[in-house]
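One structure is given here, and the rest of the page talks about it.
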Amino acid sequence: MNLMKRKQEIDARLAEIRTSVDNETDVEKLTAMETECDTLNEERAMIEKKMNLASKTEVKPVHIEMNSESNEMLEKRGEDLKNKRTITVSSDEILLPNHVAANITPLPFREVSTIVDKVHLVNLNGGETYKKSYVKGHGEAGLTGEGESYTETEPTFDYVTITKVKVTAYTEITEELEKLPSLPYQAEVLKNINISLKKTIAKQILRGAGTSNTFTGIFSDKATAIEASSDISIGEINENTLDEIIFSFGGEEEVENGACIVLNKNDLRAFATLRTKEGRKVHTVDYQSQTIDGIPYIISSVCKSITDSNTAEGEYCIAYGSLSNYEVPIFSPVEIGKSTDYKFKDGIICYKASVFTGGNVTGFNGFLRVKKGASTPENEG
């Protein structure tokens with residue numbers, strides 16, 4: 001017997017049976033096909049063994065459970081099809097499944113700055129605007145003689161108004177992705193929506209213009225709680241830069257604790273690579289605890305880099321302060337809606353998400369803003 005020829009005949013017959021199964025609804029014929037598949041597979045395995053070939057491409061038989069429940073199921077499907085009703089058929093009954101991984105590999109790096117998780121969130125479900133008062137300063141008592149008026153020591157107050165901003169996200173997936181239970185594509189889409197919302201909010205916290213339907217960002221000139229005169233300019237990052245930032249922030253009576261520095265990754269690199277004349281590191285940057293000499297840092301790509309030659313003079317690059325001085329009221333929960341109607345013909349599933357929120361600086365001079373200054377002559381070029 002020509003083993004190769006017989007093997008080809010068996011493969012052809014198995015392929016023919018698989019094609020016939022797709023259109024066959026008679027249980028007895030399906031059973032006969034299953035029996036024939038078993039016989040052919042056994043013969044095929046014996047031939048391959050004789051030919052010293054590994055049996056790697058065995059075609060699995062169609063699995064049909066012969067019981068009354070199966071018959072009732074098939075009859076119901078037939079009736080549903082006649083009545084133009086939608087039916088659900090397990091892929092195991094029609095197609096041989098492909099082998100797929102049980103999970104999706106996540107993005108290996110962070111896409112959203114942690115600043116969005118560390119500002120002060122205020123739950124104001126159903127609100128429209130939010131006014132927050134803050135103290136600008138306290139009075140000073142005086143020395144009063146007999147019969148003289150008491151010294152007035154009224155504190156100075158001001159307030160900011162945070163208006164409602166609508167943040168939205170929209171995405172589409174194919175219905176095939178949603179129907180794959182072994183891979184959480186749908187969950188990944190919902191995760192993408194949440195990340196998209198957070199990315200926009202993180203950007204607005206720093207660079208929101210303070211105009212209609214925007215946050216008032218820390219770097220905005222509309223952030224009235226920060227006096228522009230408190231800003232400082234730095235032309236380069238050197239061994240004195242960190243001290244200059246720390247001592248320029250806060251009042252005259254103490255060096256503030258609890259502040260963090262928000263900066264571009266390239267500027268963090270500049271701090272980390274500073275060396276003394278002897279070659280020792282100027283700063284200790286702890287990447288695990290995310291600190292520079294014990295001072296917490298937050299990386300944000302929204303910050304311009306002082307070390308980047310493309311950053312224009314006068315651009316805000318670094319913020320230093322306590323993130324509790326920035327408030328983000330949440331006027332509504334995040335609402336995620338799903339629709340199959342818009343592109344029903346194309347089998348596209350649409351998701352949209354929205355949240356009403358806003359943000360503004362609510363602490364007087366709560367942040368020190370660092371601009372890029374002019375380079376010193378020895379560092380130009």
* To do: Start with the C-alpha gap between Q204 and V165, add the side-chain angles, then the distance that decides, and say whether side chain to side chain contact (heavy atoms under 4.5 Å, CB included) holds.
  => CA-CA 10 Å; Q204 289 288 309; V165 176; 5.7 Å; no
Return yes when atom [atom1] of [X] has more than 12 non-hydrogen atoms of other residues, nucleotides or ligands closer than 6.0 Å, and no otherwise.
| X | atom1 | value |
| --- | --- | --- |
| Y170 | OH | yes |
| D346 | CG | yes |
| E253 | CD | no |
| E9 | CD | yes |
| K164 | NZ | yes |

Look at the side-chain heavy atoms of Ile, Leu, Val, Met, Phe, Trp and Tyr, link any pair under 4.5 Å apart, and say whether [X] and [Y] land in one connected group.
| X | Y | result |
| --- | --- | --- |
| V262 | F249 | no |
| I292 | I115 | no |
| I226 | V328 | yes |
| V160 | I205 | no |
| I195 | L206 | yes |

Give the minimum heavy-atom separation between [X] and [Y], together with the two atoms involved.
| X | Y | result |
| --- | --- | --- |
| E236 | T241 | O-OG1, 3.3 Å |
| A223 | G217 | CB-O, 3.6 Å |
| P329 | L124 | CB-CD1, 3.7 Å |
| E172 | C350 | CG-SG, 4.1 Å |
| A272 | Y287 | CB-OH, 3.4 Å |
| S324 | T362 | O-OG1, 4.4 Å |

So [Y] and [X], do their side chains get closer than 4.5 Å, heavy atoms only?
| X | Y | answer |
| --- | --- | --- |
| T168 | K352 | no |
| I201 | F215 | yes |
| L323 | I298 | yes |
| I330 | N125 | no |
| D117 | K198 | yes |
| K304 | K372 | no |
| S113 | V302 | no |
| Y130 | N360 | no |

Point-to-point distance, once rounded to the nearest 0.5 Å, from [atom1] of [X] to [atom2] of [Y]:
| X | Y | atom1 | atom2 | answer |
| --- | --- | --- | --- | --- |
| K338 | D341 | NZ | CG | 11.0 Å |
| C260 | Q290 | SG | CD | 10.5 Å |
| I306 | E315 | CD1 | CD | 11.5 Å |
| Y351 | T171 | OH | OG1 | 9.5 Å |
| L263 | L268 | CG | CG | 5.5 Å |
| R207 | T214 | CZ | OG1 | 13.5 Å |

Counting distance only, does the side-chain N/O of [X] pair as donor-acceptor with the main-chain N or O of [Y] below 3.5 Å?
| X | Y | result |
| --- | --- | --- |
| S248 | E244 | yes |
| T276 | R280 | yes |
| D158 | A225 | no |
| S322 | A259 | no |
| N264 | C303 | yes |
| S220 | A209 | yes |
| T156 | K136 | no |
| T311 | S305 | yes |

* To do: Run the numbers on I245 and I234 for side chain to side chain contact (heavy atoms under 4.5 Å, CB included), then give the verdict.
  => CA-CA 9 Å; I245 291 173; I234 292 176; 4.0 Å; yes
* Check step by step if side chain to side chain contact (heavy atoms under 4.5 Å, CB included) holds for I246 and Y320. => CA-CA 8 Å; I246 293 171; Y320 180 73; 3.9 Å; yes
* Using the six-membered ring wherever Trp is involved, compare the ring planes of Y316 and F219 and label them parallel, tilted or perpendicular (cut-offs 30° and 60°). =>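 Because their plane-to-plane angle is under 30°, the rings of Y316 and F219 count as parallel.
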* Would you call the rings of Y134 and F364 parallel, tilted or perpendicular if under 30° counts as parallel and over 60° as perpendicular? ->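 Taking F364 first and then Y134, their aromatic rings lie parallel (interplane angle under 30°).
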* Applying side chain to side chain contact (heavy atoms under 4.5 Å, CB included), run through I162 and K132 and close with a yes or a no. => CA-CA 8 Å; I162 305 176; K132 178 62 180 286; 5.5 Å; no
